[in-house]
Amino acid sequence: MRHVYFPPLSKLMPEDRKSPEARQQMTEIERVRHSCAHVLATAILRIWPAAQFAAGPPVENGFYYDLELDHHISPPDFEQIEAEMRKVIKENQPFDRIVVSRNEAFELAKEGRLGALGPRAVPSKFKLDILRGIPEDEEISLYRNGDFTDLCAGPHVLRTGNIGAFKLTSIASAYYKGDSNNPQLQRVYGTAFKTRTELEQYFQQREEAKKRDHRKLGRELELFHIDDEVGLGLVLWKPKGAIIRKELQAFISEELRKQGYSEVFTPHIGKLALFRTSGHYPYYRESQFPPLIEPDTLARLAEEDCSCAELSNRLKGGEIDGYLLKPMNCPMHIKIYSSTPHSYRDLPIRLAEFGTVYRWEQSGELGGMTRVRGFTQDDAHIFCTEDQVATELQGCLELVLKVLGTLGMSSYRVRIGLRDTDSAKYVGTSAQWHRAEEALRETVKSIAIPCTEERGEAAFYGPKIDFVVKDVIGREWQLGTVQVDYNLPERFGLSYIAADNSPRRPVMIHRAPFGSLERFCGVLIEHFAGNFPLWLAPEQARVLPISARHEEYGRSILKLLLDRQIRATIDESSDKIGAKIRLAQLEKVPYMLVLGAREEQTGEIAVRSRKNGDEGAFSAPEFVERIQMEVKERQRD
RNA sequence: GCCGGCAUAGCUCAGCUGGUAGAGCAGCUGAUUUGUAAUCAGCAGGUCAUCGGUUCGAACCCGAUUGCCGGCUCCA
């Protein structure tokens with residue numbers, strides 16, 4: 001069963017935003033958490049009366065409250081705050097809803113009484129600002145518990161005593177209203193449940209989740225390494241990780257052949273001019289590695305005493321040229337397309353490449369394999385006629401679904417990323433965007449995938465359909481993506497000859513079922529908790545001789561497996577069998593082959609699986625056939 | 001990039017209010033030859049992230065830098 005979850009409210013289209021009526025439908029647990037945020041504010045004000053509060057909503061798994069305060073709240077403060085919160089809960093204060101006029105609300109805010117225990121010398125500045133943003137026709141309500149009054153649409157539980165169990169979890173910073181031009185506030189995170197048992201369960205689950213963090217498993221299972229000296233966000237795939245990556249690539253390549261793609265290879269760098277044409281440079285210059293300048297040009301500039309700012313300007317203005325580490329593969333594929341004339345009979349042309357691209361991501365955002373500066377996309381670009389767009393889009397979506405299905409990844413959501421019409425960072429005309437958006441909507445409708453439309457999530461050249469999954473900490477990552485593009489064909493002047501012998505503009509589709517191999521692999525490690533299905537497992541079987549006397553027989557079995565292309569090793573340490581099994585189990589090897597006197601005599605193999613333990617004796621051919629089948633069908637366990 | 005926290009052996013962590021480092025696992029050596037999640041013993045391993053400061057004396061206090069973690073912003 002597919003499990004659909006919902007996107008953050010902030011990204012949804014305006015028509016999906018919660019109306020005051022919809023807010024009343026907040027679930028019980030959300031009310032508990034929202035109420036707990038008010039209790040948090042009450043407690044903080046009792047300790048630091050000057051705190052200025054902004055917003056304090058319930059979120060998935062908990063709640064937070066943003067506040068401004070000279071004192072930097074840190075985890076050691078939690079104990080004191082929690083003790084005060086417990087008092088507020090014990091006081092069992094009723095939550096009273098008070099409807100006020102706009103004027104009354106403004107007066108209270110000016111007296112510093114909103115998000116406060118009483119009048120203060122300083123106005124409640126954030127509340128004042130929030131008030132200004134409330135539509136004229138909307139009712140303004142306050143909620144009061146004890147001395148604490150807050151501007152709040154509600155709803156709440158009846159009394160503070162209804163909050164069963166809570167805990168503050170972390171402190172972070174956040175820009176007011178999520179805008180980096182606004183002041184940074186302190187955000188105190190917490191969680192609350194109806195009962196203590198549920199709270200404890202939640203923390204237990206979180207502990208479990210941490211164990212499958214791909215950064216931890218990646219190190220323990222020796223899959224990848226990120227080295228300071230190599231550079232931030234640059235992944236080194238170790239031998240075992242490389243096997244997984246190669247198997248994934250082989251899987252995709254197989255599907256691509258079935259769907260009529262052609263594989264190509266293109267270089268990692270290209271002239272700046274190419275990316276000027278595509279629009280990547282200079283519009284996305286701040287998210288790319290700086291251009292590489294030819295040695296002669298550099299020498300000349302040095303003689304001229306050219307400053308960095310000047311250099312940047314001249315690069316931008318096109319006065320001097322250079323090379324760019326490619327941030328995307330599309331311009332290269334476009335050049336392959338345009339290198340020969342095309343007839344409508346040739347289309348669609350589907351060019352695929354595992355292309356490595358480089359992007360200058362902000363340092364604070366880098367981490368593990370999910371956010372990196374160099375990554376390999378399972379990229380492809382389809383050049384087709386307007387009439388073929390729908391069919392091609394459908395093929396792309398089917399490919400993504402096939403990939404996710406094979407790996408058993410069922411917990412994802414689908415979003416249509418639209419441009420933010422207020423932003424200037426997109427290329428192309430409104431008409432082009434409109435056509436592309438309609439094409440995507442139609443396709444999604446035709447295969448009946450539930451999805452949400454979100455503003456500001458488009459690529460700069462066109463809207464897209466993204467498959468978004470969550471990692472173990474609950475963060476969302478975009479994996480597979482399918483994008484329609486009327487813009488780049490225009491910018492590069494692409495054409496094909498139509499049936500009536502007139503030149504026509506092809507449409508481009510960009511798509512990547514994995515997104516990037518790095519990110520996908522990171523998510524996959526967590527999805528399987530390191531227990532990769534046989535076809536992906538770096539080590540598929542390990543031969544475990546019971547004693548040195550059986551090593552020779554063990555080696556003969558090992559040779560048999562290796563000859564059959566099964567990734568196997570033998571454990572010839574002097575450990576007892578229990579220890580060898582434990583080690584193999586911890587290293588998550590799918591099959592352990594225990595070989596002793598009995599097996600040597602009968603010529604059999606005692607099979608122990610990672611999942612089910614001892615499975616009894618098999619003949620060697622029987623076992624080989626079984627696991628070859630398991631690999632071939634890409635079975636999951 | 002911004003805010004906050006953290007940084008001790010390959011890994012997981014001890015190290016009281018300042019007196020210049022310790023364990024388990026992994027590694028190496030030897031003994032052991034073992035029947036489904038840990039055989040025993042010995043050895044080795046650290047400029048306590050880096051640099052600077054305070055101090056008679058710094059893993060511990062202060063500052064800067066780097067990296068990691070959690071958020072925010074950004075994300076073609």
Side-chain angles (χ1 to χ4, degrees), chain A residues 64 66 72-76 169-189 210 213 215-216 219-220 222 226-229 231-232 275 278-281 283-284 286-288 326-331 357 359-368 370-373 377 379 417 425-427 456-462 464 473 475 477-478 481 483 485 487-488 510 512 519 544-551 572-587 592-599 606-610 612-616:
Chain A
Y64 67 77
D66 284 346
H72 281 288
I73 296 176
S74 66
T169 50
S170 63
I171 177 98
S173 94
Y175 295 104
Y176 176 57
K177 287 189 170 171
D179 186 334
S180 55
N181 298 315
N182 286 340
Q184 278 200 316
L185 307 175
Q186 303 187 54
R187 176 170 291 181
V188 181
Y189 279 95
K210 273 193 210 154
D213 189 316
R215 291 165 296 195
K216 183 175 159 71
R219 187 176 55 237
E220 287 173 357
E222 301 187 286
I226 294 169
D227 193 282
D228 297 350
E229 208 167 345
L232 291 182
F275 298 101
S278 69
H280 289 96
Y281 197 88
Y283 300 116
Y284 283 83
E286 66 291 342
S287 43
Q288 290 157 180
K326 65 176 172 185
M328 285 185 93
N329 301 303
C330 26
V357 298
R359 300 178 188 179
W360 187 260
E361 303 289 358
Q362 298 189 66
S363 58
E365 189 55 57
L366 296 169
T370 41
R371 191 70 186 270
V372 292
R373 282 180 172 163
Q377 297 176 315
D379 210 359
K425 66 180 183 176
Y426 303 96
V427 296
E457 293 291 333
F460 80 88
Y461 47 74
K464 54 184 190 162
I473 322 183
R475 289 179 296 205
W477 298 106
Q478 174 202 317
T481 180
Q483 313 170 357
D485 177 9
N487 283 309
L488 292 182
H510 309 237
R519 180 176 287 180
L544 309 177
I546 285 181
S547 84
R549 283 202 304 275
H550 312 107
E551 281 173 7
E572 293 188 344
S573 70
S574 64
D575 283 334
K576 298 209 285 194
I577 192 66
K580 291 183 183 182
I581 285 172
R582 179 169 185 274
L583 188 65
Q585 198 78 43
L586 288 174
E587 291 179 11
M592 288 151 269
L593 311 177
V594 179
L595 304 181
R598 286 205 297 268
E599 289 72 25
V607 175
R608 181 191 164 94
S609 76
R610 170 181 68 192
N612 302 319
D614 194 349
E615 296 198 4

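To find a chain, count down the sequence lines: A is the first, B the second, and so on, and within it residues start at 1.
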Problem - Nearest-nucleotide 5' precedence on RNA chain B, Arg519(A) against Gly364(A) - result: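 Checking each residue's closest nucleotide, the 5'-ward one belongs to Gly364(A).
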
Exercise for the section: Tell me which of Gln186(A) and Val607(A) sits closer to the 5' end of RNA chain B, going by the nucleotide each one is nearest to. Expected result: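 Its nearest nucleotide lies further toward 5', so the answer is Gln186(A).
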
Remember a base hit wins even if backbone is also touched, and classify [X] as base, sugar-phosphate or nothing at under 4.0 Å, heavy atoms.
X: Gly613(A); value: nothing
X: Arg598(A); value: base
X: Gly178(A); value: sugar-phosphate
X: Tyr189(A); value: sugar-phosphate
X: Ala548(A); value: base
X: Glu615(A); value: nothing
X: Ala458(A); value: sugar-phosphate

Practice task
Would you sort out whether Asp213(A) and Arg215(A) count as a salt bridge (Lys or Arg N to Asp or Glu O under 4.0 Å), showing the intermediate values?
Solution key: CA-CA 5 Å; Asp213(A) 189 316; Arg215(A) 291 165 296 195; 2.6 Å; yes

Tell me the interatomic distance from [X], atom [atom1], to [N], atom [atom2], rounded to whole angstroms.
X: Lys576(A); N: A31(B); atom1: NZ; atom2: C1'; result: 14 Å
X: Trp360(A); N: C74(B); atom1: CH2; atom2: C1'; result: 14 Å
X: Leu586(A); N: A26(B); atom1: CG; atom2: P; result: 10 Å
X: Ile546(A); N: G35(B); atom1: CD1; atom2: P; result: 7 Å
X: Tyr176(A); N: C3(B); atom1: OH; atom2: C1'; result: 18 Å
X: His550(A); N: U33(B); atom1: NE2; atom2: C1'; result: 9 Å
X: Asp66(A); N: U73(B); atom1: CG; atom2: C1'; result: 14 Å
X: Ile577(A); N: U36(B); atom1: CD1; atom2: P; result: 9 Å

Exercise for the section: Could you tell me whether the side chain of Gln585(A) has a donor or acceptor atom within less than 3.5 Å of a complementary atom in the base of U36(B)? Expected result: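 Counting by modelled atom types and ignoring angles, no donor-acceptor contact under 3.5 Å is found here.
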
Handout entry: Side-chain-base donor-acceptor pair under 3.5 Å for Gln184(A) and C2(B)
Key = yes

Of the listed nucleotides ([options]), which one gets closest to any side-chain atom of [X]?
X: Ala579(A); options: U36(B), A38(B), C68(B); answer: A38(B)
X: Ser574(A); options: G67(B), U33(B), G35(B); answer: U33(B)
X: Arg608(A); options: U39(B), U12(B), A37(B); answer: A37(B)
X: Ser547(A); options: U33(B), A37(B), C75(B); answer: U33(B)
X: Tyr175(A); options: C3(B), U39(B), C2(B); answer: C2(B)
X: Ser173(A); options: G70(B), A37(B), G71(B); answer: G71(B)
X: Glu599(A); options: A38(B), G71(B), G35(B); answer: G35(B)
X: Asp575(A); options: G4(B), U73(B), U39(B); answer: U39(B)
X: Ser180(A); options: U73(B), G70(B), A37(B); answer: U73(B)
X: Asp228(A); options: U73(B), G67(B), G35(B); answer: G67(B)

Handout entry: Derivation of the side chain to side chain contact (heavy atoms under 4.5 Å, CB included) call for Arg373(A) and Trp360(A)
Key = CA-CA 6 Å; Arg373(A) 282 180 172 163; Trp360(A) 187 260; 3.4 Å; yes

Keeping [X] on the side-chain end and [Y] on the backbone end, is there a donor-acceptor pair under 3.5 Å?
X: Thr169(A); Y: Tyr189(A); value: yes
X: Arg371(A); Y: Leu366(A); value: no
X: Gln483(A); Y: Ala459(A); value: no
X: Arg187(A); Y: Ala172(A); value: no
X: Asp66(A); Y: Leu185(A); value: no

Should [X] be listed as having a side-chain N or O under 4.0 Å from OP1 or OP2 of [N]?
X: Arg475(A); N: G71(B); result: yes
X: Arg549(A); N: U32(B); result: no
X: Ser170(A); N: G71(B); result: no
X: Arg215(A); N: C69(B); result: yes
X: Arg187(A); N: G70(B); result: no

For atom [atom1], what is the distance between [N] and [M], given to the nearest Å?
N: G10(B); M: G53(B); atom1: P; result: 28 Å
N: G70(B); M: A26(B); atom1: C1'; result: 29 Å
N: A49(B); M: C68(B); atom1: P; result: 16 Å
N: C48(B); M: G22(B); atom1: P; result: 13 Å
N: U20(B); M: A58(B); atom1: C1'; result: 8 Å
N: U39(B); M: G45(B); atom1: P; result: 26 Å
N: U54(B); M: U8(B); atom1: P; result: 26 Å
N: A44(B); M: A9(B); atom1: C1'; result: 11 Å

Problem - Ranges pairing with ranges for RNA chain B, where each run has three or more Watson-Crick or G-U pairs under 3.5 Å - result: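 As far as RNA chain B goes, consecutive pairing (with distances under 3.5 Å) yields the stems B:1-7 with B:66-72, B:10-13 with B:22-25, B:27-31 with B:39-43, B:49-53 with B:61-65.
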
Handout entry: Gap between atom NZ of Lys216(A) and atom NZ of Lys210(A) - 0.5 Å precision
Key = 10.0 Å

Handout entry: Distance in Å, Lys580(A) NZ paired with Ser574(A) OG, rounded so as to fall on 0.5 Å steps
Key = 8.0 Å

Handout entry: CA sep, side-chain torsions, deciding dist, call: Gln478(A), Lys464(A), side chain to side chain contact (heavy atoms under 4.5 Å, CB included)
Key = CA-CA 11 Å; Gln478(A) 174 202 317; Lys464(A) 54 184 190 162; 3.0 Å; yes

Exercise for the section: Take the angle between the ring planes of His280(A) and Phe460(A) and call it parallel below 30°, perpendicular above 60°, tilted in between. Expected result: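 Perpendicular.
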
